[in-house]
Engineer: 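Here it is: the structure, laid out below.
Chain letters run A, B, ... following the sequence lines, proteins first and then strands; every chain starts at 1.
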There are 2 protein chains.
Amino acid sequence: MEKSQPEHLKNAGLKSTLPRLKILDLFTSGQDRHKSAEDVYKQLLASGDDVGLATVYRVLTQFEHAGLLVRHYFEGGKSVFELNEGKHHDHIVCLQCGHVEEFYDTTIESRQKKVAAELGFAVHDHSLHIYADCIKTKCPHKPKGV
Amino acid sequence: MEKSQPEHLKNAGLKSTLPRLKILDLFTSGQDRHKSAEDVYKQLLASGDDVGLATVYRVLTQFEHAGLLVRHYFEGGKSVFELNEGKHHDHIVCLQCGHVEEFYDTTIESRQKKVAAELGFAVHDHSLHIYADCIKTKCPHKPKGV
DNA sequence: ATTGCAAATGAGAACGATTATCGTTTGCGT
DNA sequence: ACGCAAACGATAATCGTTCTCATTTGCAAT
């Protein structure tokens, strides 16, 4: 059976405080999987929750360490977080509208491991970002400040 | 026959000024392919050239736009530049020492195009960064402030 | 329910990388 | 050699993020 939010926090060794619950809710119930710290902060303010920006950053980082969220470094210098649902995937970002789509390709994954091994590296992590334009009818997504 | 540095600048529509020549030289004759703005700045100061940090940033960006350099956004929030020699490649970054190694894998490249096409995207560009540890005897590279 | 205290928070200062401003200098065509 | 737009250097400003520290809060023991 699914765990409740407070339980998720408990498991992660984190007190279940108001800000933390609010932020976790944003990710589990929000529609946009990918949020920057600023996004989270604004969404909290918009819903009348008075959390400090510092807390947002702190909590996001804690959630990342706890494995609840995954952090991505997209171009432009700001980090973006998304719910960690166990299954690794890469991202393709539309340069026109900023929309992010996820994909997973076993061939790419295995080749990466292979290449790294050949070069004598022990892979920690990797990030593959494809920057592209949504062609055809796929770009109805409004630019969100990109 | 090879072009001279001033010609490279001319071609790019840039006046050949002292700072620009110095910076271009660093990349064409330096040993470390990958340099941050700070790296460039320090190397210039070290060789007695008195350029401003602002100029370094400006010139690097101009060179990027002119296609002379390629900019990479690695984790850690600072951009790294390298000479653009036409041949695309990806990077594997050692998390211990910050050393960057390059690789190119045709399988990965073609799978990327394929995946993007299937999702209805026209690829502009992509970045694949593998973050890892140099294992075995491969990590003699001194940490350079990472 | 009340209390106590460590953990968490919020406001704002601090920070590192980068960009913008602006008065001075310089490359380069005349 | 001259003139002027382009480029420069110093420094202020900006942006995302982290740090500091006084205040507040979750929660376990009363």
Engineer: Rounded to the Å, how far apart are A:L45 CG and C:dA11 P?
Structural biologist: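 Taking atom P of C:dA11 as the reference, CG of A:L45 is at 10 Å.
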Engineer: Specify the separation, in whole Å, of atom CZ of A:R20 and atom P of C:dT9.
Structural biologist: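 Nearest whole value for this atom pair: 5 Å.
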Engineer: Of all nucleotides in DNA chain D that come within under 4.0 Å of a heavy atom of chain A, which is furthest toward the 5' end and which toward the 3' end?
Structural biologist: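 Answer, 5' to 3': D:dG16 to D:dC27.
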Engineer: For C:dG27, does either OP1 or OP2 sit under 4.0 Å from a side-chain N or O belonging to B:K15?
Structural biologist: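 For B:K15, the contact criterion (side-chain N or O under 4.0 Å from OP1 or OP2 of C:dG27) is not met.
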Engineer: Testing the basics here: between A:L83 and A:R33, what is the closest heavy-atom pair and its distance to 0.1 Å?
Structural biologist: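 Distance-wise, the nearest heavy atoms are O-NH2, 3.2 Å.
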Engineer: Taking it one step at a time, do A:D133 and B:H124 satisfy side chain to side chain donor-acceptor pair (under 3.5 Å)?
Structural biologist: CA-CA 7 Å; A:D133 292 338; B:H124 264 243; 2.9 Å; yes
Engineer: Rounded to the nearest Å, what distance is computed from the NE2 atom of residue B:H72 to the P atom of nucleotide C:dT18?
Structural biologist: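 That distance rounds to 14 Å.
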Engineer: Over how many whole Å does the gap from A:L53 atom CG to C:dA8 atom C1' extend?
Structural biologist: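 Atom-to-atom, A:L53 to C:dA8, this comes out as 16 Å.
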Engineer: In whole Å, I'd like the distance from the OH atom of A:Y41 to the P atom of C:dT9.
Structural biologist: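 Atom-to-atom, A:Y41 to C:dT9, this comes out as 15 Å.
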Engineer: Using a strict 4.0 Å threshold on nitrogen-to-oxygen distance, state whether B:E82 and B:R71 make a salt bridge.
Structural biologist: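 No, B:E82 and B:R71 are not salt-bridged.
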Engineer: Give A:R58 one of three labels, base, sugar-phosphate or nothing, depending on what nucleic acid heavy atoms sit under 4.0 Å from its own.
Structural biologist: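 Since a base atom lies under 4.0 Å of A:R58, the category is base.
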Engineer: Quick one: does NZ or CZ of A:K35 land under 6.0 Å from the six-membered ring centre of A:F27, within 45 degrees of the ring axis?
Structural biologist: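 Geometry flag: set, cation within 6.0 Å and 45°.
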Engineer: Quick one: is C:dC28 close enough that its OP1 or OP2 comes under 4.0 Å of any side-chain N or O from B:S16?
Structural biologist: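 Looking at the OP1 and OP2 atoms of C:dC28, one of them is under 4.0 Å from a side-chain N or O of B:S16.
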Engineer: Under 4.0 Å between any heavy atoms, over every strand shown, what does A:T17 touch: base, sugar-phosphate, or nothing? Just pick one.
Structural biologist: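 Result for A:T17 = sugar-phosphate.
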Engineer: Of all the nucleotides listed (C:dG12, C:dC28, C:dT18), which has the minimum atom distance to the side chain of B:S79?
Structural biologist: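 Of the candidates, C:dT18 comes closest.
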Engineer: Rounded to whole angstrom units, what separation is found between the CG atom of B:L18 and the P atom of C:dC28?
Structural biologist: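 Distance check: B:L18 CG to C:dC28 P gives 11 Å.
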Engineer: Is B:Y57 linked to B:Y73 within one hydrophobic cluster, defined over Ile, Leu, Val, Met, Phe, Trp and Tyr using a side-chain heavy-atom separation of less than 4.5 Å?
Structural biologist: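 Different clusters: B:Y57 never reaches B:Y73 through Ile, Leu, Val, Met, Phe, Trp or Tyr contacts under 4.5 Å.
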Engineer: How many whole angstroms separate atom CG of A:L24 from atom C1' of C:dA8?
Structural biologist: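 Whole-Å distance recorded here is 16 Å.
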Engineer: Between C1' on C:dT18 and CZ on B:R71, what's the gap in Å once rounded to a whole number?
Structural biologist: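 Distance, rounded to whole Å: 9 Å.
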Engineer: When the ring centroid of B:H91 is compared with that of B:F74, is the distance short of 6.0 Å?
Structural biologist: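 When the ring centroids of B:H91 and B:F74 are compared, they turn out to be within the sub-6.0 Å range.
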Engineer: Using heavy-atom distances to pick each residue's nearest nucleotide on DNA chain C, tell me which of A:A54 and B:A37 is more 5'.
Structural biologist: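 In this pair, the answer is A:A54.
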Engineer: Would you call A:E118-A:R111 a salt bridge at under 4.0 Å N-O?
Structural biologist: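 Answer for the salt bridge query: no.
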